[in-house]
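First the proteins, then the strands, lettered A, B, ... as listed; each starts at 1. This structure is a prediction, so every number in the text was calculated from the model and none was measured.
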2 protein chains.
Amino acid sequence: MGASKINIHSQKAIDIAQVAKVFAHPARVAILEYISNHKDCICGDLVDEIGLSQPTISQHLQVINKAGLLKGNFKGKSLCYCINTKRLLQFQTIFNSFFSQTNNNCC
Amino acid sequence: MGASKINIHSQKAIDIAQVAKVFAHPARVAILEYISNHKDCICGDLVDEIGLSQPTISQHLQVINKAGLLKGNFKGKSLCYCINTKRLLQFQTIFNSFFSQTNNNCC
DNA sequence: TAGTAATATTGCAATATTACAATAATATAT
DNA sequence: ATATATTATTGTAATATTGCAATATTACTA
């Protein structure tokens, strides 16, 4: 019982849900916005900017990264988080195809 | 402490996250697809189609409904669930504006 | 007004997510 | 190599989500 009975769903539905989950938390939305608005890639101050602790930010970054949305130098002192533009476009495509397929009206 | 520290985020980020949450579960994606693919609005067999119990489907429908994505006759025997096209388009607009704003590349 | 057929609500259990303190790991500079 | 500055990981607690059984509600019909 309980949560997560995902094995009964189609792969397509699972994929869409997984993409949506990345954006399903305000912190991750804010992180993505901040990164994209700072071309100098000084991303260490996400903690100050967003107001969550460093481990929490790191966790959210991991979620974003696992979804393939990050690019850059991930290690050391002068690291650099950037948006993976190609992947983001894929996400947009997935969403828009879902939207256009769903945009019927029967009543 | 623990979860939900949403008061620190911008309204915009919260809005996007809330929209995303609707699509962040395969069952809800499947429900939306099923409804949109059945113009006759015979939606009572969502339970059989998706493989979750009636209360669970009802809960997911409630989430979708609270987001404003449903239209139709919600009560009685011959009810009818339909997609609220206008609202869905709003969702699409919100997502696409987020995508286009975020689609930078600094590396 | 019962009876029927459908969805909604409630209560509860299991899992997932979120958040942070403490610690570990990594790369740079001295 | 050691110190420093940064991010990642681990452990733990709290909240949120998911799912179903049991029950309530709702509208239609005879």
Is there a side-chain contact between Lys21(B) and the phosphate of dA16(D), meaning an N or O under 4.0 Å from OP1 or OP2?
no

Minimum heavy-atom distance between Ile8(B) and Gly51(A), given as atom pair plus value
CD1-O, 3.7 Å

note: Arg28(B), atom CZ; dG19(D), atom C1'; distance rounded to Å ~ 12 Å

Separation of dA8(D) C1' from Leu70(A) CG (nearest whole Å)
14 Å

Check for me, please, whether Phe99(B) and Ile64(A) land in the same ILVMFWY cluster - side-chain distances under 4.5 Å, paths through other members count.
yes

Whole angstrom is fine here: how far is it from CD1 in Ile31(A) over to P in dT7(D)?
12 Å

Could you tell me the separation between the CD1 atom of Ile8(A) and the C1' atom of dC20(D), rounded to a whole number of Å?
12 Å

Nearest whole angstrom, please: distance from the P of dT18(C) to the NE2 of His9(B).
10 Å

Does the ring center of Phe23(A) lie less than 6.0 Å from the ring center of Phe98(B)?
yes

Side chain to side chain contact (heavy atoms under 4.5 Å, CB included) filter on Gln54(B), not counting sequence neighbours, yields Val47(B), Ser58(B)

Reckon His60(A) has a side-chain N or O less than 4.0 Å from the OP1 or OP2 of dA19(C)?
yes

Phosphate oxygens OP1/OP2 of dA16(C): is one of them under 4.0 Å from a side-chain N or O of His25(B)?
no

State which residues pass side chain to side chain contact (heavy atoms under 4.5 Å, CB included) with Lys12(B); sequence neighbours excluded, sorted by chain then number.
Glu33(A), Ser10(B), Ile16(B), Gln101(B)

How about Asn65(B) and Tyr81(B): does a side-chain donor come under 3.5 Å of a side-chain acceptor?
no

Would you kindly give the CD-to-P distance between Glu49(B) and dT7(C), to the nearest whole Å?
14 Å

Nearest whole angstrom, please: distance from the P of dA14(C) to the CG of Leu52(B).
18 Å

Could you state the interatomic distance from OG1 (Thr93(B)) to CG (Leu89(B)), rounded to the nearest 0.5 Å?
6.5 Å

Below 3.5 Å between N/O atoms, which protein atoms pair up with nucleotides 9-11 of chain D? Just atom names and distances, please.
from   : atom 1 : to       : atom 2 : distance (Å)
dT9(D) : OP2    : Gln62(A) : NE2    : 2.4

Calculate the interatomic distance between Leu46(A) atom CG and dA5(D) atom C1'; express it in whole Å.
16 Å

dA6(C) phosphate, OP1 or OP2, under 4.0 Å from Tyr81(B) side-chain N/O
no

